[in-house]
Amino acid sequence: MDRTRALTAQNPNQTFSLRRFCSPPMSCSSPSNSKLFVGGMSWSVDEKSLKDAFSSFGEVTEVKILNDKAIGRSSGFGFVCFTNQPEATSAKDAIDGKALLGQPLRISYALEKVRDAPVVVHRLSSIGNGTSLKQ
DNA sequence: GCTGAGCGT
């Protein structure tokens with residue numbers, strides 16, 4: 001009669017796979033190009049280290065590491081450009097989550113930062129409107 | 001022997 005275990009609606013042993021399911025490229029994974037954003041690495045990582053780590057998965061054509069803005073801390077995030085997208089994706093999926101110099105790295109697709117002006121007016125050569133007939 | 005999110009001239 002005595003149930004040693006009360007049938008509670010919740011089982012303490014039921015582990016819910018509450019893992020991050022933001023993996024599917026349906027959220028914000030819009031790899032415009034083989035540009036990858038590397039961050040979360042130690043503030044002592046160099047470009048050659050990242051390039052060496054990324055070049056192991058593909059040919060890295062662009063490697064850039066930026067430094068902080070105000071405090072001027074060591075560089076903690078950077079950008080890596082591959083010659084191909086599959087290589088970048090492979091490297092991202094491979095290095096992303098790993099630890100470099102003892103710190104976990106965070107790799108994501110870099111935002112297409114246009115260094116040119118966001119507005120391309122390129123001058124309007126339609127001033128005369130074509131029919132400049134002045135009667 | 002520092003401090004840990006974010007996207008570059």
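Here the structure is a predicted model, which means the values were calculated and not measured.
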request  = Tell me what Gly40(A) touches on the nucleic acid: a base, only sugar-phosphate, or nothing, going by heavy atoms under 4.0 Å.
outcome  =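 Since a base atom lies under 4.0 Å of Gly40(A), the category is base.
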task = Measure from the side-chain N and O atoms of Gln103(A) to the backbone N and O of Gly40(A), and report whether any donor-acceptor pair falls under 3.5 Å.
result =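 Flag not set: sc Gln103(A) to bb Gly40(A) has no pair under 3.5 Å.
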Could you state the atom-to-atom distance from [atom1] of [X] to [atom2] of [N] in whole Å?
X	N	atom1	atom2	value
Arg106(A)	dG4(B)	CZ	C1'	8 Å
Trp43(A)	dG4(B)	CH2	C1'	4 Å
Leu66(A)	dA5(B)	CG	C1'	14 Å
Ile65(A)	dG8(B)	CD1	P	15 Å
Glu47(A)	dG8(B)	CD	P	16 Å
Phe79(A)	dT9(B)	CZ	C1'	12 Å
Met41(A)	dG4(B)	CE	P	17 Å
Ile107(A)	dG8(B)	CD1	P	18 Å

From the list [options], which nucleotide is the closest neighbour of the side chain of [X]?
X	options	result
Glu62(A)	dG4(B), dC7(B), dG8(B)	dG8(B)
Phe37(A)	dC7(B), dT9(B), dG4(B)	dC7(B)
Ser42(A)	dG4(B), dG8(B), dC7(B)	dG4(B)

request  = Go through the structure and list residues passing side chain to side chain contact (heavy atoms under 4.5 Å, CB included) with Asp96(A), not counting sequence neighbours.
outcome  =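 Side chain to side chain contact (heavy atoms under 4.5 Å, CB included) check on Asp96(A) returns Lys92(A), Ile107(A).
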message = Once side chain to side chain contact (heavy atoms under 4.5 Å, CB included) is applied, do any residues pair with Ser56(A), and if so which ones, sequence neighbours excluded?
response =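 In terms of side chain to side chain contact (heavy atoms under 4.5 Å, CB included), with neighbours along the sequence ignored, Ser56(A) is linked to no residue.
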inquiry  = Using 0.5 Å steps for rounding, measure from the NZ atom of Lys98(A) to the CG atom of Leu100(A).
reply    =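 Going from the NZ atom of Lys98(A) to the CG atom of Leu100(A) covers 11.5 Å.
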query = Where each residue is assigned the nucleotide of DNA chain B containing its nearest heavy atom, which of Gly76(A) and Val63(A) is assigned the position nearer the 5′ end?
reply =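 Mapping each residue to its closest nucleotide by heavy atoms, the 5'-most match is Gly76(A).
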Under the ring pair (Phe, Tyr, Trp, His ring centres under 6.0 Å) test, residues paired with Phe57(A) that sit two or more places apart =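 Listed in chain order: nothing, the list is empty.
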Please set out all donor-acceptor pairs under 3.5 angstrom arising from side-chain atoms of residues 42-55 of chain A, sequence neighbours excluded.
residue  : atom : partner  : partner atom : Å
Glu47(A) : OE2  : Ile65(A) : N            : 3.4
Ser55(A) : OG   : Lys51(A) : O            : 2.5
Ser55(A) : OG   : Asp52(A) : O            : 3.2

request  = Enumerate the residues from residues 93-101 of chain A whose closest heavy atom to DNA chain B is under 4.0 Å, giving them by residue number; use none for an empty result.
outcome  =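 Contacting residues: none.
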inquiry  = Working note: Phe37(A) + Tyr109(A), criterion ring pair (Phe, Tyr, Trp, His ring centres under 6.0 Å); need CA distance, chi angles, decisive distance, verdict.
reply    = CA-CA 5 Å; Phe37(A) 173 77; Tyr109(A) 297 100; over 10 Å; no
